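Beneath this line is the structure, given in structure tokens, with notes to follow.
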Amino acid sequence: MSEQEDPRAGFLPIVPEGLPQGWSSRAPDEGDVADLVELVRAEKLAVVGSGSVDEEAIVSRAVGEGAWTRRQVVVLDEDGRLRVWARVHDRAAGRTNVDLAADPQLDREQEQYLSQILLARAEQVALNISRGRALGGTRLDVSVHEADDRLRSMLEGAGYRLARTRLQMTRGRQQGDEGLVEEHRRDGVVVRRVAKREDGTPVAADLQAVYRMIEESFADHFNSYRESFPEFLARLREAPGHRWDHWWIADIDVEGQWVPGGAVAALVLPADDSGSEGTYIDYIGVHRLARGRGVAKSLLHTVIADTASRDRNRVCLEVDADSPTGADGLYESMGWATRYRTESRHKDVRLEGTDDPVPLARPDEHPGDPT
């Protein structure tokens, strides 16, 4: 039986054909972690001039919990040096993220040749994943730093199109941040942490409320798609900085009853060059029926105050540069500034000879777009 016919094929590592003579590929293992960290560090240094990387996140995605939903391969040259790391992330039904880290010391001809082999193979793995989900295809999604001309060139050669630009924003700690919640308290809005049981596990109903607020708040945004509750929960939990006490719900008063109106899922950022940790707002959403009541600001003030109380120095987030709700303007008014931009590049692929459905993207699933 060929790989194309084998329904298990989507669950195998990427094994590309056509590598240069003497080169090889295999799935990464624990012995590759140090080399992967250095590969990502060298690539980042070449793009942005900084070699700071999240080593815990690399470990998780390569060999830890984050590897569970990723099919990946490392490519080694004739001397056994690790030169490329390619990943295909089964993100959700109809959505597949592709990541490619290449040694910046590769010459242009080498990186173009290798990238086309790996990106083509990634498409086949993504389609096999789609087949396993009884779908007719998927959207491939790659995030590119605005200064990364190398990766942009590789993707353009493989047919990826620019779909959206994202602003990567940071707000440094400011005097008085600890008192923002009391200073800006809104009538009819109460922000609370996700409730926990005596054993420390979060209450299921609150987790489901966070998921519902985020899903429903982004239903009309660009490129949004339906992610199941288990997928949502597993994906956020795999991040090294995940903490349940960084999830909040904003309850609102509706005719005398308190109901969820918005939510935040945040995580811990590793220490920066100053040695201080930060907070990252992974998702913030306000239900459309709760908009205009100050819910977004109440949630943001809560995160800012919590960050200050933990003696951290920054709150970071990502937002669509063309947000239909003008979220970037809200963030700027509250002290956030854009550090750099990233591009979302997409390619839609479909299985040949099948009538299986392809999920249609909702008009953004994007974090950081709350109002």
Side-chain angles (χ1 to χ4, degrees), residues 65 171 173-174 176-218 227 229-254 257-270 276-287 289-291 293-318 327 330-331 334-336 367-371:
E65 189 172 346
R171 182 191 186 278
R173 182 173 172 179
Q174 301 176 14
D177 279 353
E178 295 88 342
L180 285 178
V181 173
E182 291 299 324
E183 182 181 348
H184 296 280
R185 189 174 297 279
R186 297 291 293 264
D187 292 338
V189 180
V190 174
V191 178
R192 59 180 176 85
R193 280 191 173 88
V194 167
K196 292 184 180 180
R197 302 189 184 281
E198 290 184 1
D199 64 359
T201 59
V203 173
D206 274 2
L207 297 184
Q208 292 161 3
V210 172
Y211 165 75
R212 189 173 70 254
M213 291 300 100
I214 291 171
E215 277 289 307
E216 294 180 2
S217 66
F218 294 113
E227 181 178 33
F229 176 63
E231 288 171 328
F232 170 81
L233 205 60
R235 182 171 54 78
L236 269 65
R237 285 185 63 190
E238 77 180 29
H242 164 74
R243 305 287 187 277
W244 289 125
D245 62 358
H246 284 52
W247 288 35
W248 287 271
I249 295 173
D251 290 326
I252 60 172
D253 183 3
V254 179
Q257 289 191 327
W258 290 92
V259 299
V264 159
L267 52 80
V268 183
L269 286 173
S276 178
E277 292 181 332
T279 301
Y280 185 78
I281 298 178
D282 209 355
Y283 284 92
I284 177 169
V286 176
H287 195 285
L289 298 179
R291 291 173 184 172
R293 299 185 56 167
V295 173
K297 284 188 175 181
S298 295
L299 287 165
L300 292 168
H301 287 143
T302 298
V303 177
I304 292 169
D306 180 78
T307 298
S309 72
R310 298 174 188 271
D311 200 28
R312 296 176 186 162
N313 67 355
R314 66 201 186 281
V315 181
C316 303
L317 52 81
E318 178 183 82
L330 170 64
Y331 296 138
M334 296 181 66
W336 271 272
D369 196 356
T371 54

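No experiment lies behind these values; they were computed from the predicted model shown.
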Requested in this report: Take Ile284 and Leu317 through the test side chain to side chain contact (heavy atoms under 4.5 Å, CB included) and record every step on the way to the result.
Outcome: CA-CA 10 Å; Ile284 177 169; Leu317 52 81; over 6 Å; no

Contact check, side chains of [X] and [Y], non-hydrogen atoms, under 4.5 Å:
X: Tyr283; Y: Val264; result: no
X: Val286; Y: Met213; result: no
X: Lys196; Y: Asp245; result: yes
X: Leu236; Y: Asp282; result: yes
X: Val268; Y: Arg310; result: no
X: Leu269; Y: Cys316; result: yes
X: Asp251; Y: Val259; result: no
X: Tyr280; Y: Val315; result: no

**Report entry** Check against side chain to side chain contact (heavy atoms under 4.5 Å, CB included), Tyr211 and Glu231
**Finding:** CA-CA 10 Å; Tyr211 165 75; Glu231 288 171 328; over 6 Å; no

Does the [X] side chain pair with the main chain of [Y], one donor and one acceptor, at a distance under 3.5 Å?
X: Arg171; Y: Met334; answer: yes
X: Trp244; Y: Ala195; answer: no
X: Thr307; Y: Thr279; answer: no

Query - Glu183 atom CD, neighbour heavy-atom count above 12 within 6.0 Å - result: yes

Query raised in the report: For Arg192, does the CZ atom have more than 12 heavy-atom neighbours from other residues, nucleotides or ligands under 6.0 Å away?
Result: yes

Considering non-hydrogen atoms only, spot the tightest contact between [X] and [Y] and give its length.
X: Leu207; Y: Phe229; answer: O-CE1, 3.7 Å
X: Ala290; Y: Gly261; answer: CB-O, 3.5 Å
X: Ser217; Y: Gly285; answer: OG-CA, 3.4 Å

Salt bridge between [X] and [Y], side-chain N to carboxylate O under 4.0 Å?
X: Glu227; Y: Arg235; answer: yes
X: Arg212; Y: Glu215; answer: no
X: Arg193; Y: Asp206; answer: no
X: Asp177; Y: Arg312; answer: no

Distance-only donor-acceptor pairs under 3.5 Å for side chains of residues 298-305, two or more places apart:
| residue | atom | partner | partner atom | Å |
| --- | --- | --- | --- | --- |
| Ser298 | OG | Gly294 | O | 2.9 |
| His301 | ND1 | Lys297 | O | 3.1 |
| Thr302 | OG1 | Ser298 | O | 2.8 |

Report summary line: dist Arg237:CZ -> His242:NE2 (nearest 0.5 Å) comes out at 6.0 Å

Query - side chain to side chain contact (heavy atoms under 4.5 Å, CB included) assessment of Val191 paired with Ile249 - result: CA-CA 6 Å; Val191 178; Ile249 295 173; over 6 Å; no

Query raised in the report: Is the His246 ring parallel, tilted or perpendicular to the Trp248 ring (thresholds 30°, 60°)?
Result: tilted

